[in-house]
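Worksheet: the structure to be examined is printed underneath.
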Amino acid sequence: MPELPEVETVRTGLQRLLPGKMFKTAASDTPKSFPNAPEDVKQFLIASKVVAVRRRAKVLMIDLSTDHTLVIHLKMTGQLVFRSPTVSFGAGHPSDSLINPLPDKSTRVEFSFDDGSKLFFNDQRKFGWVRLMPTAEVPNIDFMKKVGPEPLDDRFTAAQFTERFARRRNTTIKAAILDQTVVAGVGNIYADESLWGAKIHPATLVRDVPPKKFSQLFTELQTVLRLSIEKGGSSNRNYVDAEGKKGSYMKFARVFRREGQACPRCGTIIEKTRVAGRGTHFCPHCQKLV
DNA sequence: CACTTGACCTGTCCGC
DNA sequence: TGCGGACAGGTCAAGT
């Protein structure tokens, strides 16, 4: 799913819903999704309280009162959905039929809190994971040590953004912007959207991108990420927020999954191809290959 | 080190 | 309607 705007939307929802709640039970259907030892779960999760919910790149962190953290990666199809026992509109109310019952077939981990509310980790493809670890160790996991700056961090400048690409001169700009060590949180949707905004063909080699284009790309990337956060993210397939609701960014997408439609800037038909092993959408008129 | 490709899974869609 | 193959928001490990 889940690129930066989607994970940030989930984080915002969980930060509103979870702090102060006390974990009562945790159960997983597959060790792959939640590989922690049962004794650690018993000692550091059960009876702990949620302190805060953080995000770094596409990783969510639920900090606990035991100085431990639930670290979560949703990968392609992960969801974190919160359900309170009072969510029902009332017996027989028509809106109740719209709420899908959980757990369902894709539920991998089910947490319950002492007030009867629950948190479901659903993941159709089982690529995602939840891990419990000491809060102090989170920055030491390989991914956290290597991941690049947050693109929406005020202190991150266009000059620094440009410099991050120096290591990836001989690959395509699409591969480079998807590289989490260059910049954090960009996935296939916002790569295509921002490259369209900056009028760069996705298959352009980094070394052939004019220097001033990196500044434009930085601005466009920030613009699409902010817009998507405002719209609650993109629900292309599985993605939903912490309350199970879809995001609406796809209504505003200019190229992503819009092959065969007119480019909103020039009217040329949008094409779909394959770059860096990923489906890639672009306007052949606005985004010329150098 | 930089770069590419395949693997990890399940579900859906498209062409025959 | 059934079946095979390609493809789907993301990382990783292993190869060159």
Side-chain angles (χ1 to χ4, degrees), chain A residues 1-11 28-35 55-60 71-80 100 104-109 121-131 141-148 164-195 202-208 221 224-225 228-229 231-241 246-253 255-260 272-281:
Chain A
M1 83 180 217
E3 306 182 31
L4 188 154
E6 290 75 30
V7 180
E8 179 58 21
T9 302
V10 173
R11 188 204 69 78
S28 175
D29 79 332
T30 151
K32 182 180 163 149
S33 296
F34 190 31
R55 176 190 64 75
R56 177 77 169 99
K58 301 170 192 171
V59 178
L60 276 168
V71 183
I72 300 157
H73 203 308
L74 302 171
K75 291 288 181 86
M76 300 281 258
T77 54
Q79 306 175 329
L80 269 179
N100 67 314
D104 67 17
K105 202 171 160 187
S106 73
T107 299
R108 306 295 169 218
V109 191
F121 175 68
N122 301 330
D123 185 16
Q124 180 183 102
R125 291 174 74 177
K126 301 181 184 173
F127 290 171
W129 44 259
V130 179
R131 275 190 290 174
I141 64 182
D142 284 349
F143 178 86
M144 291 299 180
K145 285 195 286 194
K146 292 189 306 187
V147 70
R164 303 290 304 174
F165 289 85
R167 256 183 325 109
R168 306 298 311 271
R169 301 288 295 168
N170 297 316
T171 190
T172 60
I173 187 70
K174 168 117 183 195
I177 201 166
L178 287 172
D179 183 343
Q180 299 298 294
T181 71
V182 171
V183 58
V186 183
N188 209 32
I189 299 174
Y190 306 104
D192 285 3
E193 292 288 290
S194 58
L195 288 168
T204 311
L205 294 180
V206 173
R207 62 168 184 256
D208 294 334
L221 178 61
V224 294
L225 294 176
S228 186
I229 290 169
K231 301 301 173 189
S234 298
S235 289
N236 196 8
R237 282 166 192 263
N238 299 266
Y239 168 71
V240 292
D241 70 11
K246 296 180 184 229
S248 66
Y249 178 85
M250 286 306 289
K251 285 189 207 140
F252 301 84
V255 285
F256 191 79
R257 301 240 322 181
R258 293 201 182 277
E259 63 271 29
K272 182 175 181 184
T273 180
R274 191 153 272 268
V275 178
R278 316 292 305 274
T280 298
H281 315 74

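Treat the numbers as computed from the prediction; the structure is a model and nothing was measured. Lettering of chains follows the sequences in order, A, B, ..., and the numbering in each one begins at 1.
Nearest approach of A/Pro202 to A/Val275, heavy atoms of both residues: O-CG1, 3.8 Å.
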- Task: Give the C-alpha distance, both sets of side-chain angles, the deciding distance and a yes or no for side chain to side chain donor-acceptor pair (under 3.5 Å) between A/Lys174 and A/Thr280.
- Result: CA-CA 9 Å; A/Lys174 168 117 183 195; A/Thr280 298; 3.0 Å; yes
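In this structure the side chain of A/Glu6 never reaches within 4.5 angstrom of the side chain of A/Leu74, judged on heavy atoms. With contacts defined as side-chain heavy-atom distances shorter than 4.5 Å, the pair A/Ser235/A/Met250 does not qualify. At least one side-chain heavy atom of A/Val182 sits less than 4.5 Å from a side-chain heavy atom of A/Phe165. A heavy-atom distance below 4.5 Å is not found between the side chains of A/Leu4 and A/Tyr190.
Remark: A/Asn236 CG to A/Phe256 CZ distance equals 5.0 Å, nearest 0.5 Å. In this structure, the separation between CD1 on A/Ile173 and CG on A/Asp208 is 10.5 Å, given to the nearest 0.5 Å. Between A/Arg164 atom CZ and A/Ile177 atom CD1 the span is 12.5 Å, to the nearest 0.5 Å. Here the CD atom belonging to A/Gln124 is positioned 12.0 Å from the OG1 atom belonging to A/Thr107, to the nearest 0.5 angstrom. Once rounded to the nearest 0.5 Å, the distance linking NZ of A/Lys246 with OG1 of A/Thr9 reads 15.0 Å. Summarising the geometry, atom CZ belonging to A/Arg11 is positioned 8.5 Å from atom CG belonging to A/Leu60; distances are rounded to the nearest 0.5 Å.
Atom NZ of A/Lys146 and atom P of C/dC12 are 7 Å apart (whole Å). Here the C1' atom of nucleotide C/dC12 and the NZ atom of A/Lys58 are 13 Å apart, to the nearest Å. We find that CD1 of A/Ile72 is positioned 18 Å from P of C/dG10, with the value rounded to whole Å. Going from atom CG of A/Asn188 over to atom C1' of C/dA8 covers 10 Å, rounded to whole Å. Here the C1' atom of nucleotide C/dG10 and the NE2 atom of A/His73 are 6 Å apart, to the nearest Å. What separates CZ of A/Arg278 from C1' of B/dC3 is a distance of 16 Å, to the nearest Å. One atom, CG of A/Leu74, and another, C1' of C/dG10, lie 11 Å apart when rounded to the nearest Å. Atom-to-atom, CD of A/Gln180 to P of B/dC3 comes out at 16 Å; the value is rounded to the nearest Å.
Comparing C/dA6 with B/dG6, their P atoms are spaced 12 Å from each other, to the whole Å. Taking atom P in both C/dC3 and B/dC9, the straight-line distance is 24 Å, to the nearest Å. Rounded to the nearest Å, the gap between the C1' atom of B/dG11 and that of C/dC12 is 23 Å.
Stem list for DNA chain C (at least 3 consecutive Watson-Crick or G-U pairs, distances under 3.5 Å): B:2-8 with C:10-16, B:10-16 with C:2-8.
Counting any heavy atom pair closer than 4.0 Å across all strands shown, A/Gly128 reaches no nucleic acid atom. Contacts of A/Phe256 with the nucleic acid, taken as non-hydrogen atoms under 4.0 Å apart, involve only primed sugar atoms and P, OP1 or OP2. Counting any heavy atom pair closer than 4.0 Å across all strands shown, A/Gly187 reaches sugar-phosphate atoms only and no base atom. When heavy atoms are screened at a 4.0 angstrom cut-off, A/Ser106 is found touching no nucleic acid atom at all.
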- What does nucleotides 6-11 of chain B look like as a protein-contact string, B for base, S for sugar-phosphate only, - for none, at under 4.0 angstrom between heavy atoms? --BBBS
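Nearest nucleotide to the side chain of A/Lys272, out of C/dG10, C/dC12, C/dC7: C/dC7.
If you check residues 168-179 of chain A against DNA chain B, the residues with a heavy atom closer than 4.0 Å are A/Arg168, A/Arg169, A/Asn170, A/Thr171, listed by number.
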